[in-house]
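Reading through the structure tokens given below for one structure.
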Amino acid sequence: MGIIDKAADVIISGGLVAFPTETVYGLGGDGLNPSASERIYAAKGRPSDNPLILHISDISQLEPLVKEIPENAVRLYEKFWPGPLTLIFKKSAVVPYETSGGLDTVAVRFPSNAVAQRLISASKTPIAAPSANTSGRPSPTRASHVAYDLDGKIDIILDGGACDFGLESTIVDVSEDIPCLLRPGAITLEMLRDVLGKVNVDKAVTDMLEGGELPKAPGMKYTHYSPNADVIIVRGERQKIVQKINELIADTDIRLKVGVIATEENKYSYKGCEVLVAGSIKEPEKIASNLFKMLRKCDHHGIDRVFAEGLPENEIGLAIMNRLKKAAGYHIIDA
Ligand code: AMP
Ligand code: MG
């Protein structure tokens, strides 16, 4: 029996399998089995009001999970599935509330990663899979990240190498008349608007919410992606960012180990700190795919405070800055 069939048996019998997708590694269980969903929450230490995404490997699996398939959903999935896009629908009775975090809606994605597709097909059930990290930590983009967080708590880890995109899927709510972007990702707001015209953006995508405000994606209210280091974003004109970060380093208590998450272009410009190169400003997709690895590296290098160069918030930059702002608890300094 091959490893994928073994992993599918684990899913069918209510166990947990970590597997690669094109976004990040997922922690999978049978999405229609309430006790499998409960095991996922327990392994991650994830709050149970933070719903799970159901992963399918064929469009025909969508219909039984949802009350209706709106026209906007069809336009999006015809263009972007299989791929890094999650759609929110009104859920059918088939989906347990344990999986939907108590909501009457359900999140569905058809991933493009071949291992993910084979695992879902062999399991013959939609697989509920949040990112395979301990809740609050940066999402895993390599099997070793999963093992670091969850070894001993789950049954199997399928190693498919590094994830292509490295940021979680774009989430769009298509359950209401005007679609709404709840979480930015590799399918950008510009790409969504090209297909749909009008798309709203949930405030939680760009801004810190005030007391009493709730994001439409429950998970967006939690602290996220945090290394042990304090993360501080410095944004503004490219040259001013470098100058400002060097000033901030000079002002930092010398007992603290300082790091900078830098672009390739600026890597030699920082003094008296550890420089973590995320990628070239000309290739923001590379920066996106390296970001979580950089945040995890801060811990491995014992960094106490890390300054991150801010990026323009368009195209994939919107998703990168969304994750960075959460890692920084919205600690942003304008250069
Ligand atoms: P993760 O799989 O760890 O990347 O997290 C899944 C994200 O999808 C979280 O931010 C959830 O809050 C969000 N999500 C899942 N289901 C729904 C839903 N029905 N409505 C809104 N957001 C959802
Ligand atoms: Mg997650």
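In listed order, ligands and their atoms are each counted from 1. Note that the structure is a prediction, hence the values are computed from the model and not measured.
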Closest to atom 19 (N) of ligand 1 by heavy-atom distance, out of Leu87, Thr105, Val108, is Thr105
Hey, is Glu264 close enough to Lys267 for a salt bridge, meaning N to O under 4.0 Å? yes
protein heavy-atom neighbour closest to atom 12 (O) of ligand 1 works out as Gly219 N, 2.7 Å
Inset, instruction - Verify, without hydrogens or angle tests, whether Tyr270 (side chain) and Gly259 (backbone) share a donor-acceptor contact under 3.5 angstrom. - result: no
Ligand 1 to Ser131, heavy atom cutoff 4.0 Å, flagged ligand atoms 1 (P), 2 (O), 3 (O)
*Should the heavy atoms of other residues, nucleotides or ligands under 6.0 Å from CZ of Arg118 be counted, would the total exceed 12?*
no
#### Entry: In one Ile/Leu/Val/Met/Phe/Trp/Tyr side-chain cluster, 4.5 Å: Phe292, Ile233
yes
Ligand 1 to Lys216, heavy atom cutoff 4.0 Å, flagged ligand atoms 21 (C), 22 (N)
Using distance only, find each side-chain donor-acceptor pair of residues 277-287 under 3.5 Å and give its atom names and separation, not counting sequence neighbours.
{"from": "Ser280", "atom 1": "OG", "to": "Glu265", "atom 2": "OE2", "distance (Å)": "2.6"}
{"from": "Ser280", "atom 1": "OG", "to": "Lys282", "atom 2": "N", "distance (Å)": "2.9"}

Judged by heavy atoms only, the candidate from Lys91, Arg46, Glu168 nearest atom 6 (C) of ligand 1 is Arg46
Practice problem: Determine, for Asp173 against Lys216, whether the closest basic-nitrogen to carboxylate-oxygen distance falls under 4.0 angstrom. | Solution: yes
The residue among Ile171, Val106, Val172 that forms side-chain contact (heavy atoms from CB on, under 4.5 Å) with Ile88 is Ile171
Closest to atom 22 (N) of ligand 1 among protein heavy atoms sits Ala217 CA, 3.4 Å
Checked the Mg ion (ligand 2): protein N, O or S atoms closer than 2.8 Å come out as Ser131 OG
| message | Does His331 form a ring-ring contact (aromatic ring centres under 6.0 Å, His included) with Phe307? I'd like the steps, not just the answer. | response | CA-CA 10 Å; His331 191 167; Phe307 298 101; 8.6 Å; no
Does Arg183 reach ligand 1 with a nitrogen or oxygen that is under 3.5 Å from one of the ligand's nitrogen or oxygen atoms? yes
When distances are taken from atom 20 (N) of ligand 1, the protein heavy atom at minimum range is Ile88 CD1, 3.6 Å
Atom 17 (C) of ligand 1: closest protein heavy atom, distance to 0.1 Å, is Pro51 CG, 3.4 Å
So the atoms of ligand 1 within less than 4.0 Å of a heavy atom of Leu103 turn out to be 18 (C), 19 (N), 20 (N)
So the atoms of ligand 1 within less than 4.0 Å of a heavy atom of Ala107 turn out to be 15 (C), 16 (N), 17 (C)
task: State plainly whether the residues Glu22 and Arg109 are in salt-bridge range, i.e. N to O under 4.0 Å.
output: yes
Practice prompt. Could you tell me whether Arg137 and Asp299 make a salt bridge, using a distance below 4.0 angstrom between a side-chain N and a carboxylate O?
Written response: yes
Short version for Val24: what comes under 4.0 Å of ligand 1, heavy atoms counted, is neither
| Is there a donor-acceptor pair under 3.5 Å between the side chain of Asp155 and the backbone N or O of Leu16? | yes
Atom 2 (O) of ligand 1: closest protein heavy atom, distance to 0.1 Å, is Pro130 CA, 3.1 Å
inquiry  = Working note: Asp149 + Arg296, criterion salt bridge (charged side-chain N to carboxylate O under 4.0 Å, His left out); need CA distance, chi angles, decisive distance, verdict.
reply    = CA-CA 11 Å; Asp149 280 13; Arg296 281 177 179 264; 3.1 Å; yes
Can you confirm, on distance only, whether ligand 1 has an N/O atom lying under 3.5 Å from any N/O atom belonging to Pro218? yes
Any chance CG of Asp177 has more than 12 other-residue heavy atoms, nucleotides or ligands included, within less than 6.0 Å?
no
Counting heavy atoms under 4.0 Å, the part of Ile171 that contacts ligand 1 is side chain
Near Asn50 (heavy-atom distance under 4.0 Å), the atoms of ligand 1 are 9 (C), 11 (C), 12 (O)
Lys/Arg N to Asp/Glu carboxylate O, Arg39 vs Glu98, below 4.0 Å: no
